[in-house]
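Below is one structure, written out as structure tokens; comments come after it.
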There are 2 protein chains.
Amino acid sequence: MTSSKAHGDFTIIQQRNLVEQVADYLTQSIISQHFAPGDRLSEVQLARDLGVSRAPVREAARLLESRGLLVSRPRRGFFVRALDAAELNDVFDLRLCLERHAMARLVDGFDAGREKVLRQQVEVMCEAATGDSESRKIEEDLTFHRMIIAYADNRRLLKAFDDITHELRLCIALIGKTHADPDSISTSHWALLDALASKDPQRCREAIDYHIGVARDYVVQGIGETVS
Amino acid sequence: MTSSKAHGDFTIIQQRNLVEQVADYLTQSIISQHFAPGDRLSEVQLARDLGVSRAPVREAARLLESRGLLVSRPRRGFFVRALDAAELNDVFDLRLCLERHAMARLVDGFDAGREKVLRQQVEVMCEAATGDSESRKIEEDLTFHRMIIAYADNRRLLKAFDDITHELRLCIALIGKTHADPDSISTSHWALLDALASKDPQRCREAIDYHIGVARDYVVQGIGETVS
DNA sequence: CGATCGCCGACTGTCGACAGTTTTCCCAAC
DNA sequence: GTTGGGAAAACTGTCGACAGTCGGCGATCG
């Protein structure tokens, strides 16, 4: 790296792998709407701005493409993914599919220890809800759901969830506002834990269906307003 | 391309995108066990053998990594993914999760036209089973299941299925043999179509559970033998 | 004889450059 | 004013090269 001139407020670029650093930078820029959906990203421009060569930029872009944050058109370059309401519905439908499965698997292995850990995470979420960092709220919520998936003890399932997580972050961030007061957070997530504790598969399914349904309606409606 | 010297028996390299071509070549080489699980792939070696530079090789390798065919260790390079029985179980469990969901979604939109198309595909599979191309049998079977997912009308679900498809191809190919006589193929797949035609969600679920269960047991057992 | 340290080779991560292609912009013609 | 053509600019795809790093092998010391 020639450690050159203009990259303004980003002095980050010096910790690990250039590819990962560029990927993080791009991810943040997209989430924070510094790049708008549909925007084209120029490799040379990015490389210049970040003071690196095009190779790491290309690889980072390919990484984000596999995560669904960018789309590439051959000979055209990379574009910030623009999710419409239909795609969002699809994402939430897949999320429902995965979380249903995780809940069903978890019923068997659910015990007091895991319940305690999850309830603590709900506490963390409520605490985060009193702060004013939207991204923090989102992250803690995703962490809770990721913990449930992780407890389901299927690595591949977890990877599939992580894949759509990036898309979830994208569209939730686009709305810019979460419907998160501490009360509704605790009640809605306790419902999931209560269902798991009851070890009743049917009740688990109803609980997660309702939970994801509410989230989906909120986000899809929000996107609808954003687009129009 | 300098169209250089030594790439022996591979004159393929001249149709489209170099990255895709290299990716196809690597995929074929892995599926056909030309590269064994756990093998390290040298970028320079591959680039020399294929008569291209390292850039397309790297990108193709990253692509296959995202598909689960390769794993990369920083500063060490790419290795052919070695699936153990536990990972295989996870993959089939996720597949079950996705196909259950697709079946449930498809119940509503299932009609005579779609049933006819799917039954024709079963015919194709049976016809393929009389041939001696193992890969053809696998592809036609995957096509059938992919059609069901596609009818479920959720792009993101289809993408998730395509993702695990590559891993399925890998482990099925490792076993080297499918349990495919035309009779068992038609009966086992007709069972799925009959369940869909009945529009009974519970029956659909039982049908797909049984179907995937059989396939999983066969493959997991086969891998167990291969490893030992 | 065994263990540790240092050197050597190979390879990945990164870079700058070139060529073909796509897009854009300008000018002319209708 | 609009449209069509053509040249130029910009960009992606690809290439060869350099440097830092990791693993292996041999030499040296205990």
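Residue numbers begin at 1 in each chain, while the letters A, B, ... track the order of the sequences.
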Looking at [X] and [Y], does any basic side-chain N land under 4.0 Å from a carboxylate oxygen?
X	Y	value
B:Glu43	B:Arg58	yes
B:Lys159	A:Asp90	no
A:Glu123	A:Arg119	no
B:Glu59	B:Arg62	no
B:Glu140	B:Arg136	yes
A:Asp162	A:Arg146	yes

Query - Stretch residues 53-64 of chain B: residues that reach within less than 4.0 Å of DNA chain D through a heavy atom - result: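 Nucleic-acid contacts, sorted: B:Ser53, B:Arg54, B:Ala55, B:Pro56.
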Whole angstrom value for the distance that separates [atom2] of [N] from [atom1] of [X]:
X	N	atom1	atom2	result
A:Leu50	C:dT14	CG	C1'	14 Å
A:Arg75	C:dT22	CZ	P	7 Å
A:Leu18	C:dG16	CG	P	12 Å
A:Arg48	C:dT14	CZ	C1'	18 Å

Are [X] and [N] close enough that a side-chain N or O sits under 4.0 Å from OP1 or OP2?
X	N	answer
B:Asn17	D:dT12	no
B:Arg40	C:dT12	yes
B:Arg76	D:dG23	yes

Query raised in the report: Heavy atoms under 4.0 Å, any strand shown: does A:Arg73 hit a base, just sugar-phosphate, or nothing?
Result: nothing
Report task. Quick one: label A:Leu46 by what it contacts on the DNA or RNA (base, sugar-phosphate, nothing), any heavy atom closer than 4.0 Å. Result -> nothing
Requested in this report: Return the nearest nucleotide to the side chain of B:Val52; candidates are C:dG20, D:dC22, D:dC15.
Outcome: D:dC15
Query raised in the report: If you check every side-chain atom of B:Glu43, which of D:dT14, C:dT22, C:dT12 has the closest atom?
Result: C:dT12
**Report entry** Row check, B:Phe79 ring normal vs B:Arg73 NZ/CZ: under 6.0 Å, within 45°
**Finding:** yes
